[in-house]
Every structure is written in C-alpha cells, then in structure tokens.
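Lettering of chains follows the sequences in order, A, B, ..., and the numbering in each one begins at 1.
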Amino acid sequence: MGRRGSASSSSSLESSNYPALSSRSSLYQHNRDLSTDLRLGLSIATSSQGNPSTPSVSESDWPPIKPFLKETLAAEENECNSATFFVKVYMEGIPIGRKLDLLAHDGYHNLIRTLDHMFNTTIIWAEMDGEHSEQYHVLTYEDKEGDWLMVGDVPWEMFLSSVRRLKITRADI
Amino acid sequence: MLRMASSFPEEVLEHVFSFIYDDKDRNAISMVCKSWYEIERWCRRRIFVGNCYAVSPPMVIRRFPEVRSVELKGKPHFADFNLVPEGWGGYVYPWIAAMATAYPWLEEIRLKRMVVTDEALELIAKSFKNFKVLVLSSCEGFSTDGLAAIAANCRNLKELDLRESEVDDLSGHWLSHFPDSYTSLVSLNISCLGSEVSFSALERLVGRCPNLRTLRLNRAVPLDRLANILCRAPQLVELGTGTYSAELQPDVFSSLAGAFSGCKELRSLSGFWDAVPGYLPAIYPICPSLTSLNLSYATIQSTDLTKLVSQCQSLQRLWVLDYIEDIGLEALAAFCKDLRELRVFPSEPFAQEPNVSLTEQGLVSVSEGCPKLHSVLYFCRQMTNDALATIARNRPNMTRFRLCIIEPRAPDYITLQPLDDGFGAIVEHCKDLQRLSMAGLLTDRVFEHIGNHAKKLEMLSVAFAGDSDLGLHHVLSGCENLRKLEIRDCPFGDKALLVNAAKLETMRSLWMSSCSVSFGACKLLGQKIPRLNVEVMDERGPPGSRPESCPVEKLYIYRTVAGPRFDMPGFVWTMDEDSALRLS
C-alpha cells in the first residue's frame with residue numbers, strides 16, 4: 001500500500017487518478033468496471049495478521065459482546081466455581097461416614113449414580129418402584145426439622161435447601 | 001397545477017401533514033415545493049439525528065422551530081465493544097443548551113451512545129415544563145444526582161429508561177426524589193443501576209402510578225420483595241425482575257407465583273440475574289401469553305430452559321445464553337411458532353473450548369421450525385456453509401442476520417473451506433436483508449456475493465475478513481442502500497476507498513480500524529470531499545509524525561453539513577483542507 005512514493009505527495013495518491021475525487025459531483029457512480037477502476041496496479045494488500053487483543057476481560061474487544069453482559073458473566077463464573085455444599089453420608093452398619101458435595105451434582109440421577117459407586121450398592125429412592133431385593137439400600141435424608149425422609153419426593157432445588165445429611169439404610173426395614 | 005396548490009389553505013395542508021409521522025415521508029413532502037417546505041417545517045414535531053455530528057443544533061432549530069421530540073445518536077456502534085477510546089466525543093450538552101431556549105415545549109429526548117452529564121440532566125429538568133420521556137441508551141457521564149434532578153422536577157414525566165447506560169451510582173436515594181404528588185409514571189427502566197433503591201419508596205411509587213406498564217428493576221431488588229411490587233401493579237405489561245435467586249421457601253414461592261398469576265397483562269419478562277431453577281415455576285402460569293423473554297443474565301441450564309420455552313407458545317422474541325443448547329433450540333422450534341427474533345449469547349466468551357453443546361444445528365432447527373423468524377444474533381463456535389445455506393433457504397424473510405463465531409477466521413469445520421458460499425446463500429435468498437454481520441474465514445468472494453445481491457442492505461459489520469481492496473470495492477460499489485459500514489482487522493487499504501469516495505457521501509458513516517488505510521489517503525479524502533468529516537484516531541501520536549504511507553489506527557468517516565467538529569480529544573484529527581495543509 002503506497003510503498004512506492006515516500007515523498008509527501010506520492011504519485012499514486014494524486015486525486016486526478018481517482019475520478020470520484022476530482023469531480024465536485026456528489027452523484028454516486030455505478031462504476032462496476034473493476035479493470036478500469038483498479039488499472040493503476042492494485043497489488044494484493046498483505047492481510048492484516050492482527051488478532052484480537054486479549055487484555056483484561058473488561059478491556060477486551062473480542063468477541064463483540066456489550067460490557068454489561070461481559071461483567072455479569074464474569075461475576076457468575078466466579079460464583080459458580082466456588083459454590084460447594086458438602087453433607088455427611090452414612091451407610092447403615094458402617095461407623096465411618098463419607099462426605100459428598102451436593103452442588104457438584106445437577107439432580108437426583110447424578111447423585112444416586114455417585115452414591116451407587118461410592119458405596120458399591122444399588123440405591124433405592126423415590127423414583128424407583130417395583131420389587132426390591134433385600135440386598136438393596138434405601139437413601140434417606142434428614143431435613144431441617146430433624147425428620148428422616150426418602151430422597152426424591154421434592155424438586156431437587158427444594159431438597160438442596162432442606163437437606164442436612166444423608167443415610168443409606170437396608171431395604172428390608 | 002401550481003395555482004391549485006397555492007390556493008389550498010395552509011391550515012388544511014398542515015392538518016393533512018399532521019398525519020404523516022415517518023421521517024422519509026416528511027422529507028419527501030418538504031421537497032414538493034417551497035410552500036410545502038415551509039408549512040412542513042413549522043409542523044414537524046419529531047426529529048431523528050442518526051449522527052449527532054452530521055448537523056449542528058442551530059441548524060436543526062433554524063429549520064424546525066416547533067419540535068417536541070428529539071432522538072440523537074452519538075458514538076459509532078463499535079464503541080459498544082471498547083473500540084472507541086474514552087473521550088472521543090458525543091456530548092449532548094450543546095444540544096440541550098440550544099434546545100432549552102428554542103424548544104421550551106420539548107417533551108421527549110432519546111439518546112444513544114452519548115455523553116450525558118449531570119449538568120445536562122439538570123438543564124433538562126428545569127427547562128422543559130412538559131417534559132415526558134427520557135431514554136438514555138448506552139449513555140455515560142452522569143450520576144444518580146442527575147437522576148434526582150429529573151425525578152424531583154419533571155412533574156409530567158412518563159418514561160425514564162436508562163437501558164445499559166453507565167451511571168455513576170452514588171446511592172439509590174434519587175428515587176425518593178419523586179414527590180408524593182407524582183403519579184404519571186408509565187415506564188421505568190433502572191436495570192443498569194448497581195445500588196439499592198429504597199424498596200419502600202419503590203413500592204409507594206409503583207402503587208400510586210396507575211398507568212405504569214413497564215418496570216425494569218435492577219439486580220439489587222431481592223426476589224422476596226418482588227411479589228409486593230407486582231401486587232401493586234397488576235396492570236404491568238413489561239417486567240424486569242431483580243435478582244431471581246433466594247433460598248427456596250414455600251411461602252415466598254407461593255406469594256411470588258400468586259403475584260405473577262395476578263398480572264394478566266404481562267407480556268415481556270427480563271432480569272433473572274442469578275436465576276435459581278426452583279423459582280422458575282412461579283412464572284409458568286403467564287408463560288403462554290409471553291411475547292418477549294430476555295434470559296441473557298440467567299445462568300440456568302438446558303433442561304430448565306427447555307421446560308420454560310416449551311410453555312411460551314406466543315413467544316416472539318427470545319434472548320438467551322447458549323446454555324439453551326441445540327436441544328433447547330429444537331424445543332423452541334417445535335413450540336414457539338410465532339418467534340420473530342432470536343439472540344443467543346455466549347456464556348463463556350473467553351474460553352477456547354466449548355462449554356455447552358450449542359452448534360450450528362440449533363440455529364438450523366429454529367430456521368426450519370419458526371416461519372416468522374427474521375432477526376438473528378447468534379454466537380457459536382462452529383459453522384458450515386451447508387448450515388448457512390439451509391438457513392437461507394428456510395428463511396428468505398430474514399432481515400437481520402448477525403453471526404459471531406468465537407474464533408476469528410474459523411473455516412467451515414467440516415470442509416475446512418471459507419464460509420463465502422454460506423453467506424453468499426444468505427444474501428442471495430434473503431432479498432430484504434437490511435443488516436448483516438459476518439464471521440469466520442472469508443475471502444474477497446463473499447464481498448462479491450454481497451455486492452451482487454445485497455441490494456437492500458443498510459448495515460454491514462465485517463471483522464477479520466477479505467484478502468484485498470477488491471473486497472471493499474465490491475461492497476462500496478454494489479450495495480446501493482448501504483448506510484453504515486463498520487470494518488475491523490481487514491486488509492483493506494486506500495484504493496477501494498478512493499475509487500468509491502463519492503459513495504461515502506451517500507452513507508451515514510464508515511468505520512475502519514486495524515486496516516491498511518494510509519494517512520495520505522485520509523488526507524486526500526478529507527481535502528477533496530468537503531461534506532465528509534474524515535477523522536483519524538491514533539493513540540500513537542500525530543499521524544503527521546509518521547510517513548504518509550503509514551496506516552492509521554482507526555478511521556471514522558461520516559457525512560455532515562456542519563463542517564469539522566471542535567470537541568475532539570487529542571488523539572482524533574479531522575482531515576480537511578486546512579488540516580491537510582497544517583499536518584503535511
């Protein structure tokens with residue numbers, strides 16, 4: 001781009017070379033003849049290899065999202081990453097309990113799967129019906145009022161707000 | 001014919017003109033003959049100035065002496081993305097000062113991307129006795145003290161809308177400046193404010209304004225206060241909640257659900273900061289009548305989002321985070337047949353790897369299932385030419401199409417080809433396309449398609465695209481209706497601009513940053529085309545201190561009848577006849 005002339009009035013930029021500039025007309029020209037337009041030896045410009053700068057989140061200019069949304073998302077991310085809710089879990093007959101982060105699970109199915117794995121058994125909860133083998137275990141929880149209830153009857157979020165701890169008992173009681 | 005026109009009483013013409021609101025129609029009327037020009041200018045009540053520097057306040061006032069409503073826009077659109085440095089301009093004070101004396105009966109001021117000060121707000125509050133509407137969209141420079149002046153003095157205020165403005169939030173006390181006798185509020189949007197307003201003041205304000213139809217609260221309003229507010233305004237049509245998170249308590253839930261059920265006119269919801277899925281069912285009863293839902297701040301996951309949108313059969317507009325995923329968009333396509341506008345924002349815009357399963361497929365599904373879809377803003381991490389072509393064929397009624405692929409210059413991820421043909425299909429099929437924003441790997445070919453087909457295109461945004469000046473030339477020479485062009489990080493230089501210089505006077509503005517336009521070319525344009533302001537922005541120092549062939553950092557060119565402006569900061573230079581002499 002203009003590497004030819006270094007003097008202040010580079011010949012390639014003379015307005016007479018550009019009809020659109022030398023006439024005082026402001027009429028829009030439908031000039032689609034590219035070969036005429038660009039006969040002055042348009043060289044393919046080297047592409048700008050610039051990439052978006054990535055300074056701090058609030059100063060960044062890519063991707064193009066508005067500041068308000070950017071700030072809200074940054075705040076949300078900080079909150080989400082740090083939230084945990086550990087509760088104690090006991091299996092009947094085993095004196096040493098475990099601890100489990102309920103917020104690392106997004107629902108009952110996920111929780112049951114983790115517990116099945118942790119205690120190497122099949123856990124029964126509210127959503128399961130039918131015949132239960134005596135070798136299975138039932139998952140119960142203690143709520144804020146001190147009552148023991150079967151897990152799974154209330155919406156997950158409501159469960160999270162009332163659960164104190166978990167207990168896995170034998171199914172034959 | 002001329003005799004007949006002049007014997008027609010002015011009053012009759014004026015009466016007829018009073019039914020014409022559209023600016024273009026009014027402009028056409030004013031060009032019929034001198035007497036119509038005169039009659040029309042005395043009865044034009046509403047002015048829209050798309051670029052506040054295109055004309056000066058005295059010029060507007062001289063021509064239109066009886067204006068009641070003014071709308072002004074200031075900074076270029078790319079200012080939204082931190083591309084316009086602080087102090088660039090867009091000051092509204094000179095306008096307010098001029099209008100304070102010229103338009104004592106001014107009722108409405110709507111501003112976008114302008115710098116508004118407390119002085120300006122105070123001047124508005126005391127100058128216009130019948131002031132009714134103040135909309136400050138993406139504005140900055142004022143504090144809650146200015147808002148207090150508006151609240152205290154504008155007896156007839158109907159609308160106060162601060163959407164997305166940056167306010168120096170000194171305290172929430174300003175809201176209490178609305179006097180007890182004030183009852184005319186129709187619309188209040190304070191969603192951008194950080195600090196807490198007095199909840200009792202808010203409740204009393206809401207309670208005594210029977211015509212209140214729009215209320216957008218800020219994040220600081222807790223969920224357990226929302227029911228009380230809603231109960232005082234069951235006539236609300238548009239609501240923005242505050243934070244939508246609280247410990248799950250059955251009594252809070254049931255009062256909230258009851259309050260929502262009582263709002264039979266509610267059609268638009270927004271807010272939902274920190275939304276907790278447990279409280280979403282509170283809005284289920286009103287979902288079927290919702291036409292607009294803005295969940296941009298709601299970090300709820302796909303399952304809950306899907307359940308929610310599936311109940312909104314009347315939905316026309318949805319703004320949502322990409323947590324909705326393809327599966328949620330499929331549900332949207334299946335249940336929301338009246339959908340007209342979709343915006344999907346990235347939940348983790350700075351992460352390299354996708355955190356959710358949102359792909360091109362989601363957009364394709366919506367384009368298939370929603371026949372009225374015409375406006376799209378979609379952030380994603382992958383795209384194919386096939387998907388774009390399918391969307392184009394499905395939705396020839398598309399008028400606004402903005403795609404952003406997080407990774408710049410990303411090719412079609414299956415064929416590894418540029419996305420030229422995909423966007424080519426968009427412009428070819430969507431003959432009424434007015435606005436286009438492109439993404440991914442793009443060569444000069446896509447610009448050829450645009451120049452050939454996008455005849456109704458008014459606004460084009462381009463980033464990291466093209467190979468040479470040919471690309472820019474195609475657009476400038478082919479897009480007959482182009483008004484706004486914004487370009488960043490493209491290899492476009494002098495030639496296309498200089499050859500198409502006359503085109504620039506037919507457009508509102510052109511923005512180019514991180515391109516290859518030389519200082520010399522800018523000077524030439526500025527010298528030769530008097531009704532263009534060619535502004536060079538360079539934070540490295542005066543462009544004259546570098547060789548003429550050196551590319552400028554940022555370039556903003558706009559047509560104007562007001563000549564060069566004089567409120568520029570140190571890093572902006574206007575190229576005109578005088579400055580060209582001074583700088584060379």
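Interface remark: P346(B) contributes backbone and side-chain atoms alike to the contact with chain A (heavy atom separation under 4.5 Å). There is no contact between C550(B) and chain A, counting heavy-atom distances below 4.5 Å. Neither the backbone nor the side chain of F253(B) comes within less than 4.5 Å of any heavy atom in chain A. At a 4.5 Å heavy-atom cutoff, the contact between I405(B) and chain A is made by backbone atoms alone. At a 4.5 Å heavy-atom cutoff, the contact between P67(A) and chain B is made by backbone and side-chain atoms alike. Using a 4.5 Å cut-off between heavy atoms, S191(B) contacts chain A through its backbone alone, with no side-chain atom that close. There is no contact between A439(B) and chain A, counting heavy-atom distances below 4.5 Å.
Ion pairing between K167(A) and E142(A) fails under the 4.0 Å rule for side-chain N and carboxylate O. Under the 4.0 Å criterion applied to side-chain N and carboxylate O atoms, E486(B) and K554(B) are not assigned as salt-bridge partners.
When all heavy atoms are compared, the tightest approach of I487(B) to C515(B) is CG2-SG, 3.7 Å.
Per-residue counts of heavy-atom pairs under 4.5 Å with chain B were compared for G107(A), P64(A), P155(A), S162(A); the largest is that of P64(A).
In this structure, F447(B) has its ring center closer than 6.0 angstrom to the ring center of F492(B). Remark: aromatic rings of H109(A) and W125(A) are close, center separation under 6.0 Å. With ring centers used as reference points, Y108(A) lies under 6.0 Å from F159(A).
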